[in-house]
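Accompanying notes for the structure given below.
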Amino acid sequence: MQGKERDGKVALLEIKNLGISFGGLLAVDNVSLSIEKGQLYGLIGPNGAGKTTLFNMITGVYKPTSGTFCFDGENLTGKNPIEINKKGIARTFQNIRLFKNMSIIDNVKVGLHNNHKYYMVESVFRLPRFYNEERKMEKEAIELLEVFDLDKEKDTLACNLPYGKQRKLEIARALATSPKLLLLDEPAAGMNPNETEELMETIRLIRDKFDMTILLIEHDMRLVAGICEEISVMNFGTLLASGKTSEVLNNPEVIAAYLGE
Amino acid sequence: MKKLNSKLYRNLIMVAAAIAVYAFIAYGMNTNMLPRATQTLAIKACYNVILALSLNLIVGFLGELSLGHAGFFALGAYSGCIFSINSSLPIEIRFFVAALIGGTVAAVGGFLISSSILRLQGDYLAIVTLAFGEMIRSFIKIIPYTGGTSGLNGIPSLGSKFMTFSYSYVFVIITVLVIRNIVTSRHGRAITSIRDNAIAAESVGINIKAFKIKVFTVGAFFAGIAGVILGHYINFIEPANFSYNVSIEVLVMVVLGGMGNLLGSIIAAVIITFLPEILRGFDKYRLLIYAIALILMMLAGNSPKIIELRAKAKVKIMMLRRKALARKGA
Amino acid sequence: MQQLVMTLIDGINLGSVYALVALGYTMVYGIAKMLNFAHGDIIMVGAYTIVVFISRLAISVPLAMFLCVAFCAGLGFVVEKLAYKPLRHATPLSVLITAIGVSYLLQNLALLFFGTNRQFIVKFINVGSFDLFGVSVSGISVIIWVTTIVIMLGLYIFIKKTLLGRAMLAVSEDKGTAQLMGINVNRTISITFIIGSALAGIASILYSAKYLNVDPYTGSLFGIKAFAAAVFGGIGSIPGAMIGGLMIGLIEALTASYLPFNLNAASDGFAFVILIIMLVLKPTGLLGKNYTEKV
């Protein structure tokens, strides 16, 4: 069950030649990546490069048409989103997808759904396990919200939150599923420099506090350069370059892809 | 701590209200102080409340439109009542067993239809449920033991109206408790999350298909029980009792009461039950009123113009209040 | 053999009318992305206008037919404007409930004005009949076939060749982008409703000419079957609506004439079973494309 070793470190996510085509159109082609435990990994590239599509394959929304990916030593290619989440991959979405008409704390509790189990019969008859598990869920949810400074407004409806907090709540919800790998799809989109700064702090905090491995898609180069140890660049569905952040960002090919020839 | 207290307080009020309503109607029935028509409608209100609550679970919480509620209602009514006619148990026990049988048969129907339409959602799902309801009604006409088009006769009565009401009321209480306990549990949250954003729900490991089946099964179970109550109260059922109009009427209750609002469903179901009595003489406009109510409710909740108007009204009220306060202060 | 030919002709007649109605569903569904539940009821309204104009007011037949189509088109326009347009950004569930409300409203208005009783329509199209394989085929059947084929082709050309038609395609593909390209999305959707409802008007004329009666619930059952036809052929596809309509018509005619008598009371039930099986097995239809939500 051990992941492949590389430089003495364990690869948590190992993507091999992954590709998908939609009706003959190759959206992602032959992408290989390896992310180690505890890493903060960035995925950048121009719009339409296939970054989100790659996320969608890793989370089971799309089924890859070629290649495989292994998570924690287990081949998860072609599994559905539910199985993949249970194996320990959680994500956020580019266009925020909260449970808008539910309270903030309930959003997080939905994330905790599979961690605290009791049967429907137990909730119908309000048996002890219902109360026990609900109490635990409440406690854990509040702890999570505290990390994101959302605990004071836990009963507000999610749709009434300002944009920046919605993004935070989405991350909190993903963390509630106690994942080993967190995928963030453009977490800083639509944020001003101050908010982005704060977000960078939060992401670092998540990594340290939860011992999390994080893969994020981002356009904000300051954020990427500021927190990612390694990055990969995608362009036209293929991998352009991978490696240490500073090296990749100085790669002439990458600069060309971003600024145009 | 404060929140816990308010919750307890709320629950106590509900229990008190439930007892008060029962006591009032029981007294009115036993002393015959309530008009006969009202006594009859009180029983009708019971099964309508059960229908509305169970449909609300599907429409309001899961967010899928089911237009086949009359089908589950019919499955329960026929299976429960056929048992009741052919059984020789004491009538009270017979009624409870019939309710269990009716609910179970309807639940099986709900399970089968929901597990075959897992890939569908929205409009398609609504059409399939509509077709399912109409299919049940059509097939009742040709299935043996159902009495066919001429109806099923000789369903035993529970004795007095008071007895019928009391037994029905027990089932109302059971329904309220079960559905409330489901929606306020982790399962309820999962169901609501599917309504709000199915893709996000899946991303946090919520099994949408499993919950769809569970919700339809539970909803159908209670609709089936409502059918058994109907049968034992009018002692005769026919396919016309379970037409598409019934599904719409229940939908109107759910929409008027507020989707996802259990107390609202109860109140709306009671009001709609008594509406023909309130609007006596206007009965031919009743269905028209339902139609207009459905449209207006949706427009009021969603039309940008009306939402803007409401926001403006809110601001105005706030201003007035502030002015009044200022005047008081001065 | 003779019975089979007769049944097939009946099926094609019925199927052609279904196809016309299915066209309306498919256009509105393709462009406004909503199931116009009230579409079937517009046929019922159309048939009632025929009753009023021809049987009661004795207006000349061509004028009455024109008025019927115009009335249906106008009704479609008004319904869209008042009930659906304000809900353009609402959840699909709200739109669907509104559409059901409109359908129910039309049915009950008809009920209020004309009562539950079936209204009979005088035979207003008088044409001869001819022989086909020893079976007499009525002229009305031929009129139905020709009308359907002409409309189908006309619509196909309209959508592919005219500016407005292409605007419709663009709106069906992506409302936002269409708007950015300078297409008036609201107007395009309005026009779609008008055309769809006019088609329902034409269908109602053919229906009345063939079946000569109407009641307030004529439209809803007919509409549901036509919707099934549209789904069967693939939502958004014009040839699909044609094929789907004919299929449903033929299936219905065949089951109606070959089902044992004691099962006949449930003939609608069998139609619904077929509908459920079709939707469950092939929700994208024969010629439809897959709509998936973008993540």
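Order of the sequence lines sets the chain letters (A, B, ...), proteins ahead of strands, with each chain counted from 1.
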Answer whether the closest heavy-atom distance between the side chains of C:T98 and B:L294 falls below 4.5 Å. no
Give the minimum heavy-atom separation between C:G101 and B:A291, together with the two atoms involved. O-CB, 3.5 Å
Quick one: CE on B:M135 to CD1 on C:I276, what's the gap to the nearest 0.5 Å? 5.0 Å
Can you tell me if B:R119 uses its side chain to pair, donor with acceptor, with the backbone of C:L281 under 3.5 Å? yes
Decide yes or no on side-chain contact (heavy atoms from CB on, under 4.5 Å) for C:N108 and B:Y290, but give the supporting numbers first. CA-CA 10 Å; C:N108 285 296; B:Y290 290 170; over 6 Å; no
By a 4.5 Å heavy-atom criterion (distance strictly below it), what part of C:F270 contacts chain B: side chain, backbone, both, or neither? both
Let me know if B:L287 has heavy atoms under 4.5 Å from chain C in its side chain, its backbone, both or neither. both
How close do C:A83 and B:I295 get, counting heavy atoms only, and between which atoms? CB-CG2, 4.4 Å
Answer yes or no: is there a side-chain heavy-atom contact under 4.5 Å between B:I127 and C:F37? yes
Where on B:L120 is there a heavy atom nearer than 4.5 Å to chain C: the side chain, the backbone, both, or neither? side chain
With a sphere of 6.0 Å drawn around OH of C:Y211, does it hold more than 12 non-hydrogen atoms of other residues, nucleotides or ligands? yes
Checking heavy atoms, do the side chain of B:I140, its backbone, both or neither come under 4.5 Å from chain C? neither
Got more than 12 heavy atoms from elsewhere within 6.0 Å of CE, C:M278? yes
Among C:S103, C:A90, C:S94, who wins on heavy-atom pairs under 4.5 Å with chain B? C:S94
Toward chain C, the part of B:Y244 with a non-hydrogen atom under 4.5 Å: side chain
Need one label for C:M34: side chain, backbone, both or neither, based on atoms under 4.5 Å from any heavy atom in chain B. backbone
Counting only non-hydrogen atoms closer than 4.5 Å, does C:L82 touch chain B with its backbone (N, CA, C, O), its side chain (CB onward), both, or neither? backbone
Per-residue tally against chain C (heavy atom, under 4.5 Å) across B:I292, B:T149, B:N245 peaks at B:N245
Give the intermediate values and the outcome of side-chain hydrogen bond (donor to acceptor under 3.5 Å, both in side chains) for residues C:Y29 and B:D123. CA-CA 10 Å; C:Y29 205 104; B:D123 303 339; 3.0 Å; yes
To the nearest 0.5 angstrom, please state how far the CD atom of C:Q107 sits from the CD1 atom of B:I248. 8.5 Å
With heavy-atom distances below 4.5 Å as the criterion, would you say the side chains of B:V252 and C:Y104 are in contact? no
How long is the span from the CG atom in B:L62 to the CG atom in C:L93, to the nearest 0.5 Å? 10.0 Å
So, do B:Y124 and C:I235 sit near enough that their side-chain heavy atoms are less than 4.5 Å apart? yes
Return yes when atom CZ of B:F236 has more than 12 non-hydrogen atoms of other residues, nucleotides or ligands closer than 6.0 Å, and no otherwise. yes
Please examine the side chains of B:L67 and C:I100, heavy atoms only from C-beta on, and report whether any two atoms are closer than 4.5 Å. yes
So, the part of C:I224 with a heavy atom under 4.5 Å from chain B: the answer is side chain
The interface call for B:L118 against chain C, heavy-atom contacts under 4.5 Å, is neither
What part of B:V59 is in contact with chain C, defined as an atom under 4.5 angstrom from a non-hydrogen atom: side chain, backbone, both or neither? both
By a 4.5 Å heavy-atom criterion (distance strictly below it), what part of B:M259 contacts chain C: side chain, backbone, both, or neither? side chain
I want to check something: taking the side chain as every heavy atom from C-beta on, are B:L288 and C:L111 in contact at a cut-off of under 4.5 Å? no
